[in-house]
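Report on one structure; see the data block that follows.
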2 protein chains.
Amino acid sequence: MISSSSQIVKTKLSTRKRLINATARLFAQHGYNGLTMRSVALEANANLAAANYHFGSKDALVLEMLRERIQPINARRIELLDEAKARNGKTAPSAREIFHSLIFPIGEEIARSSKSRWSLAQLVARTFTEPVSFIERMHQRFFSQIAKLYHQELSLAYPHAPPKEIHWHLHLAVSSMLGSLAQHRRLGDFTEGECNEEEVNEMIDRLIRFVTHGFVKGVNASS
Amino acid sequence: MISSSSQIVKTKLSTRKRLINATARLFAQHGYNGLTMRSVALEANANLAAANYHFGSKDALVLEMLRERIQPINARRIELLDEAKARNGKTAPSAREIFHSLIFPIGEEIARSSKSRWSLAQLVARTFTEPVSFIERMHQRFFSQIAKLYHQELSLAYPHAPPKEIHWHLHLAVSSMLGSLAQHRRLGDFTEGECNEEEVNEMIDRLIRFVTHGFVKGVNASS
DNA sequence: CAGCAATTAAAACGCTTGTTTGAAAAAATA
DNA sequence: TATTTTTTCAAACAAGCGTTTTAATTGCTG
């Protein structure tokens, strides 16, 4: 855990890595259209042509950045889900465990990225809301399999619930997760700064509870 | 309800109105940066210079459009909230009633806008997620008072709950609402087309129930 | 109908965008 | 060290952007 940081201090990151990092920060902050090749180059201390040299185009740069940031989250989700299944043996995991495996990995990644903690939250959220067609396509590719997996798992946990109800409530749960990630920066609107210093884990924990409650009560009421 | 449509058929809309409508559609679909004055002019069957003539600038055009679409929703929210309070006399309205007044007006407006039903849902959601500073400022101006009002009302309904918990759960509820509105178009990701034809009211109703469950259980557990 | 104001129209203006170019520098290989 | 490959750099390109300008057209009012 600690050993890696000593390397980072000495070793200057490769241009490629700096470009990816800059792209992630600026995409999270300003979205696809608000992100320019020049701003990326400036933020990454690189030449304007560097990004096109390393990635070919703006689209390819953003796509690669998204791949690098989202893939590990999805991998961790499946890992946690499998752990929960193993832990429960033949009985299905609880909704709480399932949603934990869905949401918790985001918190882990947020906590890992020390600089501008909430940048990753916005990045993940933006993946869903960016009105650019090629991002929508990529997102569908990355996420539709995960969604199918969770639907299947929730169906096993709630075999009495109609599939349609599972669909709807999973949709609501995912929407809540994304909405929260996207909106967290705006907590000040309601609290006037009171909650701003809250820690990542608290918010993730609350989110898991909230979503679980909404799902369980909703699905149970439908049967 | 029906009488107004007969006028619309005959009367050609003013250039100003057509520009606003086109702006709403394109903003919902492509966001602020993806919306160009030329695309607005084309969609509205107007000249490129018309928008600048009528509104002064792109920012002013978008701002005016947002004002016209969001103001009535907020007005209706307060109206429904007041009705609920009057209905309950001295006792506070239930969380269900409060969230109904918050969410239902969006459904009403969506149902009213016959053309491309979900455009307004996306528009409202985009108001929250657009990474353009002047939109953020406007949004804060429009919504912070509403947020304060609802926080106050929920505090009365749950006097035993710590204010901080009210804050958090209201935030989660609003985030869920916005996430759902933004994501509804993507229901196909999970359902492969099964839920796409669902009616507006069903989604609104599910959303209200989901949010209420999450809020009530969460706030009660905290005390 | 005349005259004036409001609106529409076409063209152009600077500016920023993503991308390309060709040469210089650095790194790797032998 | 010599040579070949990879990477960096400054400059320029065409295209698209919001906005402005100037003239033509429309609609209203006296």
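So you know, we letter chains A, B, ... as the sequences are listed, proteins then strands, and number each from 1. Only a predicted model underlies this, so the values are computations on that prediction, with no experimental measurement involved.
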Practice task
Decide yes or no on salt bridge (charged side-chain N to carboxylate O under 4.0 Å, His left out) for B:R77 and B:E109, but give the supporting numbers first.
Solution key: CA-CA 12 Å; B:R77 280 170 172 153; B:E109 285 299 323; over 6 Å; no
Atom pair [atom1] ([X]) and [atom2] ([Y]), whose distance is rounded to the nearest 0.5 Å:
X     : Y      : atom1 : atom2 : result
B:I98 : B:T212 : CD1   : OG1   : 9.5 Å
A:R76 : A:L102 : CZ    : CG    : 13.5 Å
B:L19 : B:K17  : CG    : NZ    : 11.5 Å

Practice task
Starting from the C-alpha separation in whole Å, work towards a yes-or-no answer on ring-ring contact (aromatic ring centres under 6.0 Å, His included) for A:F210 and B:F215.
Solution key: CA-CA 7 Å; A:F210 184 86; B:F215 182 90; 8.1 Å; no
Problem - Pair A:R126-A:T129, side-chain donor/acceptor within less than 3.5 Å - result: no
Exercise for the section: Check every nucleotide of DNA chain D for an atom under 4.0 Å from a heavy-atom of chain A, then give the first and the last such nucleotide from 5' to 3'. Expected result: D:dT6 to D:dA12
Tabulate protein N/O versus nucleotide N/O from nucleotides 7-15 of chain C, keeping only pairs under 3.5 Å, one per line.
{"from": "C:dT7", "atom 1": "OP2", "to": "B:Y53", "atom 2": "OH", "distance (Å)": "3.0"}
{"from": "C:dT8", "atom 1": "OP1", "to": "B:T15", "atom 2": "OG1", "distance (Å)": "2.3"}
{"from": "C:dT8", "atom 1": "OP2", "to": "B:H54", "atom 2": "NE2", "distance (Å)": "2.9"}

Exercise for the section: Kindly indicate whether a cation-pi arrangement holds for B:K58 with B:Y32, taking the cut-offs as under 6.0 Å to the six-membered ring centre and within 45° of the axis. Expected result: yes
Practice task
Report the C-alpha distance between B:S101 and B:Y150 in whole Å, list the side-chain angles of each, state the deciding distance to 0.1 Å, and finish with yes or no for side chain to side chain donor-acceptor pair (under 3.5 Å).
Solution key: CA-CA 10 Å; B:S101 76; B:Y150 275 90; 2.8 Å; yes
Exercise for the section: Determine, using ring centers only, whether A:F104 and A:F99 are less than 6.0 Å apart. Expected result: no
Handout entry: Under 3.5 Å: donor-acceptor pair, side chain of A:S39, backbone of A:L35
Key = no
Practice task
Under 4.0 Å from any atom of DNA chain C, heavy atoms only: list the residues of residues 57-69 of chain A that qualify, in numerical order.
Solution key: A:S57, A:K58
